[in-house]
Amino acid sequence: MSIWIGAMQKHLEGHKGLTDHNDIVRVDAGKFVYIPLMSMFSTNIEVLVKEGDSVKVGTMIAKRSDHMTVPFFSSVSGKVVGKQTIMHAVLKPLEHLVIENDGLYEKEQPFSPIDFEKATREELVDFMMNAGIVGCGGAGFPTYMKYKNPQNISTLIINAVECEPYITADYREISNNIDDLVLGVKAMLKLSTAKEAWIAIKSPKKELIAKVRAALVGVSGIVVKEVPDVYPMGWERTLVYQLLKKRYDRLPSEIGCIVNNATTAIAFAKAIRTGMPIVEKTLTFSGNGIKTPANVSVPVGVKTAEIVAKLGGYASEDVLLIAGGPMMGKTIPNDQFVVTPYGNAVTILKTEKIDSVACLRCGRCNDTCPAGLLPVRINNAEQAADLDTIVKLRADQCIECGLCTYVCPSKLDVAEGVRRAKRILQLKKK
Ligand code: SF4
Ligand code: SF4
């Protein structure tokens, strides 16, 4: 049974104009970079270098090798100086490998480029795995896992929707790397065994749509699909339903579909062409809490505080730092978390006093939830510590989109109550 039953999609004020037409700002690493030793919440990572070892940009420094293979690479040249535990963008303190940057950015190719047209499908899957390609849209899921054993896949969906307010990093990355987008999607199409790839872009993005369509002239099997400018259109379930009018239980592959972010396809193409993994990332730093909102291109492992300083600092003494967009991102209590291969934004908002009033029982949050939940009832159950009701109301299915808070006329942080209920269920399972 599909859990996706909510009808809700909402147009949100995008604030995208703060950054979407400005050039990407290059930010160099400072004296150190900090490579997080974590993959999909697993810290089962084998470190392949020791203190004092010299590394280059691209040196493989660690590897996850349990049921998934995920290599980690250095983003600078210099020396390994040890490990340090610091706050990560997933809101957990985690061990990071610290590398002292010599500022030279000498490169080492960790794998050879590949001719994806000549390579067999299996060779290409192995290439993707060894290149460490992960979901660049925020998830960090090892991408090769989706292509290992495709069964009856008919459609590959490339998600270029970017529906969260403030974030324009994908928009800029795609605009600047159209040829790599096409190359990456062609290679993914071969991997997927699907007949067609659909690149989904929001319909108001006319300029981008025209650019991608122009690049696809003469390319068979890849088309652009325009989707409405509503939130959360970039959520996998919403997007799949919008395009295929089908719902699924756990994974899109159940209904013959694979979904990947457009920037993941670009990273894959770069690895194919250059033999280099994701060592640098483009992220949006935006919001009314930063002096100069911008898209930045920055080596993996640079601290948020350093990037904010390079952009002129905070616009207020009291700001809220969100790893990700304002709707789905996580509020992080300090600015020491670092750039990862999968993060796409840091939203910085001035802290505002919110005068909330009691629930009006208007039911808007219930009508809005795209996961078909009853957020106000989950909040009540969470406050009453009523575990049975939390289970019955399926709080674990919340996708943390934040819409229930967004629409609440009483200005209650309904989503936070649901998140707490979800965490109670997660802790119970452990
Ligand atoms: S945050 Fe969770 S409960 Fe609230 S609208 Fe989104 S999915 Fe529904
Ligand atoms: S939207 Fe706000 S006021 Fe309305 S029912 Fe939900 S929690 Fe109550």
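Whatever order the structure lists them in is the order used to number ligands and atoms, beginning at 1. This chain uses plain numbering: 1 for the first residue, then up along the sequence.
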A.B. asks: In terms of residue, atom name and distance, what is the protein heavy atom nearest to atom 3 (S) of ligand 1?
C.D. replies: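 For atom 3 (S) of ligand 1, the nearest protein heavy atom comes out as Pro375 CG, 3.7 Å.
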A.B. asks: Among protein heavy atoms, which sits nearest to atom 6 (Fe) of ligand 1, and what does the distance come to when rounded to 0.1 Å?
C.D. replies: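 Minimum-distance protein heavy atom for atom 6 (Fe) of ligand 1 reads Cys401 SG, 2.3 Å.
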A.B. asks: Please state which protein non-hydrogen atom is closest to atom 8 (Fe) of ligand 1 and give its distance, to 0.1 Å?
C.D. replies: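 Of the protein heavy atoms, Cys369 SG, 2.3 Å lies nearest.
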A.B. asks: Quick check on Arg273: does its CZ atom have over 12 non-hydrogen neighbours (other residues, nucleotides or ligands) under 6.0 Å away?
C.D. replies: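 Counting neighbours around CZ of Arg273, more than 12 heavy atoms of other residues, nucleotides or ligands fall under 6.0 Å, so yes.
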A.B. asks: Ignoring hydrogens and geometry, is there a side-chain-to-backbone donor-acceptor pair from Lys16 to Pro165 under 3.5 Å?
C.D. replies: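 Here the side-chain-to-backbone pair does not exist.
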A.B. asks: Which residue owns the protein heavy atom closest to atom 1 (S) of ligand 1, what's the atom, and how far is it?
C.D. replies: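 The closest heavy atom on the protein side is Gly402 N, 3.3 Å.
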A.B. asks: Keeping waters out of it, list the protein N, O or S atoms under 2.8 Å from atom 4 (Fe) of ligand 2.
C.D. replies: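 For atom 4 (Fe) of ligand 2, the protein N, O and S atoms that sit under 2.8 Å away are Cys362 SG.
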A.B. asks: Please compare Leu403, Ile378, Ile399 and report which has the shortest non-hydrogen distance to atom 7 (S) of ligand 1.
C.D. replies: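 Shortest heavy-atom distance from atom 7 (S) of ligand 1: Ile399.
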A.B. asks: Does one side chain, of Thr263 or Asn344, offer a donor that lies under 3.5 Å from an acceptor on the other?
C.D. replies: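 Side-chain D/A pair, Thr263 to Asn344: absent.
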A.B. asks: Counting only heavy atoms, tell me which of Gly372, Cys398, Cys404 gets closest to atom 4 (Fe) of ligand 1.
C.D. replies: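 It is Cys404 whose heavy atom sits nearest to atom 4 (Fe) of ligand 1.
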A.B. asks: For Glu207, look at atom CD and say whether over 12 heavy atoms of other residues, nucleotides or ligands are found less than 6.0 Å away.
C.D. replies: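 No, CD of Glu207 has 12 or fewer neighbouring heavy atoms, counting only those of other groups under 6.0 Å.
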A.B. asks: Using the test salt bridge (Lys or Arg N to Asp or Glu O under 4.0 Å), find all partners of Lys330 that sit at least two apart in sequence or belong to another chain.
C.D. replies: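 Testing Lys330 for salt bridge (Lys or Arg N to Asp or Glu O under 4.0 Å), a comparison that skips the adjacent residues, returns none.
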A.B. asks: Within the structure, is a non-hydrogen atom of Thr368 found at a distance of less than 4.0 Å from ligand 1?
C.D. replies: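 Under 4.0 Å: no for Thr368.
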A.B. asks: In this structure, is the centre-to-centre distance between the rings of Tyr166 and His15 below 6.0 Å?
C.D. replies: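 When the ring centroids of His15 and Tyr166 are compared, they turn out to be within the sub-6.0 Å range.
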A.B. asks: Between Lys206 and Glu226, does any NZ, NE, NH1 or NH2 come within less than 4.0 Å of an OD or OE carboxylate oxygen?
C.D. replies: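 Salt bridge present between Glu226 and Lys206.
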A.B. asks: Whether the side chain of Lys270 engages the backbone of Asp180 through a donor-acceptor N/O pair (distance < 3.5 Å, no angle test) should be reported.
C.D. replies: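 No.
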A.B. asks: Counting only heavy atoms not in Asp28 (residues, nucleotides, ligands), do more than 12 fall under 6.0 Å from its CG?
C.D. replies: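 Above 12, so yes.
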